[in-house]
Amino acid sequence: MEREELRQALDDEIQSLNEREKKLSILNSSFKSFSEKEIDSLVERCEYRIGNLENAYAHASVANQDEIEKNIDDLNYSLASLKNEILDSENNKKNISNSFDDEVFDKIASSLRDLIDRQLEAGDAVIRKANAIINHDFETLNAEKAKESKKDDHKILEFDRTRKVNEEKVSEPVINPMEIKTDSLSQILSELDNDMKDNKDNKKELEETAKSLDEGKEIPVTNVESISTPSISPVLMSQDSINSINQSNEEVVKVSNTTVDDEPQKVIAVLNFGEEQEIKGPTLGRRAN
């Protein structure tokens, strides 16, 4: 591959990683926003106040007016907070409404939209009931409660039908199909986040390589082949050579084939093992006493 072709391939890969990172960031931000919403707790709080007011109106003769006003005030306050949370959730849903052109990301976005829809549906329903109880519109209130009862009956029916089908196939415990757990979605996002860490590392390396190409620098290549240094062995000067060089030395030298003198020997050459030259005569000598 030529330099320009390599640079273009790197640029394309970096762009692809950048686009994937942006999509993952959108999904991750949307999921965090969904998790931080207090819609569920606000719905429960509104339901509690609505129930208190229903009991008070049903037993008006013994109801405490101060308690009624307290419930109404807290219900109004909770409704205002709930409406703001619902507005944020609707905007959050819009952020992930478009296709991500990625099978995994699109699946996550679809699951997240379903979770948001369930929260929005529950929030809208409690708002309608709250407005009805505040305005003493018991007809609307009863109609909303009847809708919820129908939905609950339908869920139970669907659950029973699914359980029977599953029991015929396997004996494993049946999971309620109407329940969507956020743990699995969080786990998927966590795994994708770990994958993107590797993508970021690859992108950084690719960017550095592309920069080197643009500057005309050579791309460093690490040579993993180890270079072995051949072993070497010293060749000691023979006693005959020592006698010829140092003619003044008249001491008699005895050759020993089994011992080596502790005195230092003079090195005359260094050769690789296997390349030693045959040296006539003794190679090591010891002076006679």
Side-chain angles (χ1 to χ4, degrees), residues 28-60 62-96 108-160 162-163 173-189:
N28 196 36
S29 297
S30 295
F31 179 74
K32 287 181 179 179
S33 177
F34 160 78
S35 301
E36 292 169 357
K37 289 295 157 207
E38 298 181 355
I39 292 179
D40 294 338
S41 60
L42 287 171
V43 166
E44 291 181 358
R45 187 170 178 174
C46 289
E47 291 281 11
Y48 173 74
R49 295 302 180 184
I50 292 171
N52 288 346
L53 289 172
E54 278 190 281
N55 290 331
Y57 293 145
H59 307 282
V62 294
N64 186 308
Q65 188 61 36
D66 291 337
E67 286 297 322
I68 292 176
E69 292 179 359
K70 179 181 178 181
N71 281 298
I72 291 176
D73 290 341
D74 189 77
L75 181 57
N76 282 324
Y77 174 80
S78 299
L79 280 177
S81 299
L82 179 59
K83 289 176 182 178
N84 290 332
E85 292 284 88
I86 287 176
L87 181 61
D88 289 343
S89 291
E90 289 174 343
N91 292 331
N92 188 22
K93 181 183 175 182
K94 290 178 182 178
N95 292 334
I96 55 173
I108 294 174
S110 177
S111 297
L112 185 54
R113 286 196 300 270
D114 289 341
L115 290 172
I116 294 174
D117 283 339
R118 289 179 183 276
Q119 279 193 340
L120 293 177
E121 184 179 355
D124 290 338
V126 83
I127 287 174
R128 290 192 296 269
K129 289 197 299 181
N131 289 330
I133 195 72
I134 290 172
N135 297 322
H136 297 82
D137 186 359
F138 297 103
E139 183 178 352
T140 300
L141 178 62
N142 291 330
E144 288 295 328
K145 293 172 66 176
K147 286 181 184 178
E148 291 179 356
S149 179
K150 263 189 178 181
K151 288 180 181 179
D152 291 338
D153 291 342
H154 178 71
K155 290 179 181 180
I156 294 173
L157 182 62
E158 284 295 322
F159 173 69
D160 289 339
T162 304
R163 182 177 59 185
V174 180
I175 299 176
N176 189 342
M178 304 305 296
E179 295 179 356
I180 300 179
K181 295 183 178 180
T182 60
D183 293 344
S184 58
L185 184 59
S186 179
Q187 182 179 359
I188 294 175
L189 287 170

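Please read all numbers here as calculations on a predicted model, not as lab measurements.
Contact of the Q119 side chain with the D40 side chain is registered, since non-hydrogen atoms from C-beta on lie closer than 4.5 Å. The closest side-chain heavy-atom distance from E67 to K70 is below 4.5 Å. At a threshold of 4.5 Å between non-hydrogen side-chain atoms, the residues N52 and L75 do not count as touching.
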Handout entry: Derivation of the side-chain contact (heavy atoms from CB on, under 4.5 Å) call for S81 and E85
Key = CA-CA 6 Å; S81 299; E85 292 284 88; 5.5 Å; no

Practice task
Before giving the answer on side-chain contact (heavy atoms from CB on, under 4.5 Å), spell out for I116 and E90 the whole-Å C-alpha distance, their side-chain angles and the decisive distance to 0.1 Å.
Solution key: CA-CA 8 Å; I116 294 174; E90 289 174 343; over 6 Å; no

Exercise for the section: Show the numbers, then the answer: is there a side-chain contact (heavy atoms from CB on, under 4.5 Å) between L79 and N131? Expected result: CA-CA 9 Å; L79 280 177; N131 289 330; 4.1 Å; yes

Practice task
Dump the intermediate steps for side-chain contact (heavy atoms from CB on, under 4.5 Å) on I127 and K83, then the final yes or no.
Solution key: CA-CA 8 Å; I127 287 174; K83 289 176 182 178; 3.8 Å; yes

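Salt-bridge check for R45 with E38: failed, with every basic side-chain N at 4.0 Å or more from each acidic carboxylate O. Here E144 does not pair with K129 in a salt bridge; the nearest charged N to carboxylate O distance is not below 4.0 Å.
Y57 and H136 have tilted rings, their planes meeting at an angle from 30° to 60° on a 0 to 90° scale.
S149 contributes no side-chain N or O that, together with a main-chain N or O of K145, makes up a donor-acceptor pair within less than 3.5 Å. The backbone N or O of D88 sits nowhere less than 3.5 Å from a side-chain atom of N92 that would complete a donor-acceptor pair. A donor-acceptor pair under 3.5 Å is absent between the side-chain atoms of S33 and the main chain of S29, judged by distance alone. The backbone N or O of D137 sits nowhere less than 3.5 Å from a side-chain atom of N135 that would complete a donor-acceptor pair. Without hydrogens or angle criteria, R113 side chain to I96 main chain gives a donor-acceptor distance under 3.5 Å.
Atom CZ of F138 has more than 12 neighbouring heavy atoms from other residues, nucleotides or ligands inside a 6.0 Å radius.
For the atom pair CG of N71 and CD1 of I134, the computed distance is 10.5 Å after rounding to the nearest 0.5 Å. Separation of atoms CZ (F31) and CD1 (I108) is listed at 10.0 Å; rounding is to 0.5 Å. Atoms SG and CD1, from C46 and I133 in turn, are 12.5 Å apart once rounded to the nearest 0.5 Å. Here the straight-line distance linking atom CG of N84 with atom CG of L42 works out to 9.5 Å at 0.5 Å rounding. Here the CD1 atom belonging to I68 is positioned 12.5 Å from the CZ atom belonging to R49, to the nearest 0.5 angstrom. The distance from the NZ atom of K147 to the CZ atom of R128 is 5.5 Å, given to the nearest 0.5 Å.
Residues S30 and L112 come closest through the heavy atom pair CB-CD2, 3.7 Å. In plain terms, the two heavy atoms of S89 and I39 that are nearest each other are OG-CD1, 3.3 Å.
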